[in-house]
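Both counts, for ligands and for their atoms, begin at 1 and track the order of listing.
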Amino acid sequence: MIVLNETHQPELRSWVASANDDQSDFPIQNLPFAIFKRRGSNEKFRAGVAIGEHIVDLKAAHKAGVFSMSLTPMLKTLHKSKLNQFMGLGKDAWSELRLELSRALRVDSTLQTQLENCLVPQSQAEYKIPARIGDYTDFYTSINHATNIGKLFRPDNPLLPNYQWIPIGYHGRSSSIEVSGHGFHRPKSQLKAADADAPILAPCKRLDYELEVGIYIGKGNTLGHSIDINDAEDHVFGLCMFNDWSARDIQAWEYQPLGPFLSKSFASTVSPWIVTMEAIAPYRQAWSRPADHPQPLPYLESHDNRSSGAVNMHLEVLLQTAKMKAGGQVAERVALSNFSQSYWTIAQMVTHHSVNGCNLKPGDFFGSGTQSGTTANSYGALIEATTGGKNPITLSNGETRAFLEDGDTVTLNGWCDSEVAPRIGFGHATATVLPALED
Ligand code: CA
């Protein structure tokens, strides 16, 4: 577990004025990473760190002599258009850079003049996927979500017996993960109505979002060697927002016996920014398992996991329909939940994933699974909020949604706060549903 240090001090202020707004996602205590360039320019994509409404161009800052000479090998990895090599350096390297950046961005820093020339406004930036995601694994860690979905697919047996013992997951598809801002076409595959004799090939009718936390692996492990739960978080670089779009009608027909396939692989959306594990340290919470539930096997138990394995991270879904957009109406909240309610922790996901010797690599990605609370306004997917489409939600302009329609824009937001630490945010994961492509 990461111990709090001077970079977390709530009283720190930056000479970048917009970072001192208490509603900013990116105060000086956050310092998340992205890959960016100026929109429409011929510049190369490279690494940046968010501060207020700006981005510190790390390559430019390196060249301007802002950092210690000892950081030079590390900084060279940040000239690249992917963070994988930097992610593989491990937490001591990430922490050294964070400390120097924090000091350089503070009010009264002697480096202000040099660093001012290395800022790019976020309003002028375009982003891309911050890492080459070799493998993407989708977990299923919200017991509320698993129970709600289970009731729809298996009313008599909603929660399968393995759920309370294993962090359930499956191997997803990384090639179709895109950064916020990209639209995608409504997917087609086989659909089979309950009363039909045969399936048809058609555009999905039950398109859904999934409110998830994305987890980027930092340092990997050697094939054949598992990761002890006490070391698990040392292998995690950071977190982002993640919308794992799902086609529920495709899923219903295809998912047995091997699980989801084309119902998930057509698109997923990540937010551009990765908030490091060090940045979320002040927002950790105790993790517990109800006393009448099975307790984890010893390899999934640790003191730190019990005392601070959970993350107090608020998770929000906003929806803006085409009609709302045309009428100048802003997106409205359709769900609010919290990652602290997850049945399994990040450390348990990492440890279980590797217990068979499977090797994780820098830039590998986990989806947490849809994070749902216990009430209808906290359900992280429409299939839960509408009970399988039977009870559509009503928006403030009178429109209803059982599932998503073409032109709908979904935005996921996340933020951490606490009584003793400032709010830090994760930015947005936004995408718009486009009509199915004509044959
Ligand atoms: Ca998912």
Side-chain angles (χ1 to χ4, degrees), residues 129 133 135-153 158-160 162-163 166-180 184 187 189 204 206-217 239-256 258-271 313 315-317 334-335 337-339 341-346 348-350 352-353 364-373 378-386 388 403-404 410-412 414 426 429-431 433:
I129 293 280
I133 298 174
D135 277 302
Y136 155 45
T137 303
D138 194 16
F139 281 94
Y140 197 50
T141 64
S142 165
I143 194 169
N144 301 320
H145 174 71
T147 305
N148 289 336
I149 295 286
K151 277 180 195 162
L152 296 169
F153 283 80
L159 201 63
L160 295 172
N162 57 4
Y163 188 85
I166 298 176
I168 298 288
Y170 70 95
H171 294 297
R173 180 87 196 161
S174 56
S175 65
S176 52
I177 300 177
E178 296 230 61
V179 78
S180 181
F184 64 91
S189 184
C204 136
R206 292 160 68 92
L207 183 63
D208 205 349
Y209 51 78
E210 289 196 328
L211 173 60
E212 302 199 24
V213 176
I215 300 160
Y216 283 96
I217 296 299
L239 309 181
C240 70
M241 297 307 301
F242 182 55
N243 189 343
D244 195 24
W245 307 92
S246 296
R248 303 301 182 189
D249 40 5
I250 297 174
Q251 185 176 357
W253 171 233
E254 75 179 6
Y255 89 105
Q256 288 181 316
L258 289 185
F261 184 34
L262 303 190
S263 55
K264 305 278 189 170
S265 61
F266 58 94
S268 305
T269 305
V270 290
S271 53
M313 178 175 172
L315 307 170
E316 176 184 56
V317 184
V334 291
S337 69
N338 196 298
F339 191 32
Q341 294 188 35
S342 181
Y343 199 72
W344 297 101
T345 65
I346 295 168
Q348 288 169 328
M349 288 183 241
V350 169
H352 183 67
H353 201 302
D364 280 359
F365 188 84
F366 295 174
S368 65
T370 306
Q371 297 296 313
S372 294
S378 68
Y379 292 161
L382 278 173
I383 190 173
E384 294 175 78
T386 67
F403 289 96
L404 295 170
V410 177
T411 296
L412 306 188
F426 289 73
T430 299
V433 179

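For the atom pair CD1 of Ile168 and OG1 of Thr141, the computed distance is 11.5 Å after rounding to the nearest 0.5 Å. Distance check, rounded to the nearest 0.5 Å: OG of Ser246 to OH of Tyr209 gives 11.5 Å.
For the pair OD2 of Asp138 and OE2 of Glu212, the angle whose vertex sits at the Ca ion (ligand 1) is 130° to 10 degrees.
Comment: Arg173 does not engage Glu178 in a salt bridge, judged by the lack of any side-chain N to carboxylate O separation of less than 4.0 angstrom.
Counting just the N/O/S atoms of Asp244, the one with the shortest distance to the Ca ion (ligand 1) is named OD2. The N, O or S atom of Glu210 lying closest to the Ca ion (ligand 1) is OE1.
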Verify salt bridge (Lys or Arg N to Asp or Glu O under 4.0 Å) between Arg248 and Glu210, making sure each step is shown before the conclusion.
-> CA-CA 11 Å; Arg248 303 301 182 189; Glu210 289 196 328; 3.1 Å; yes

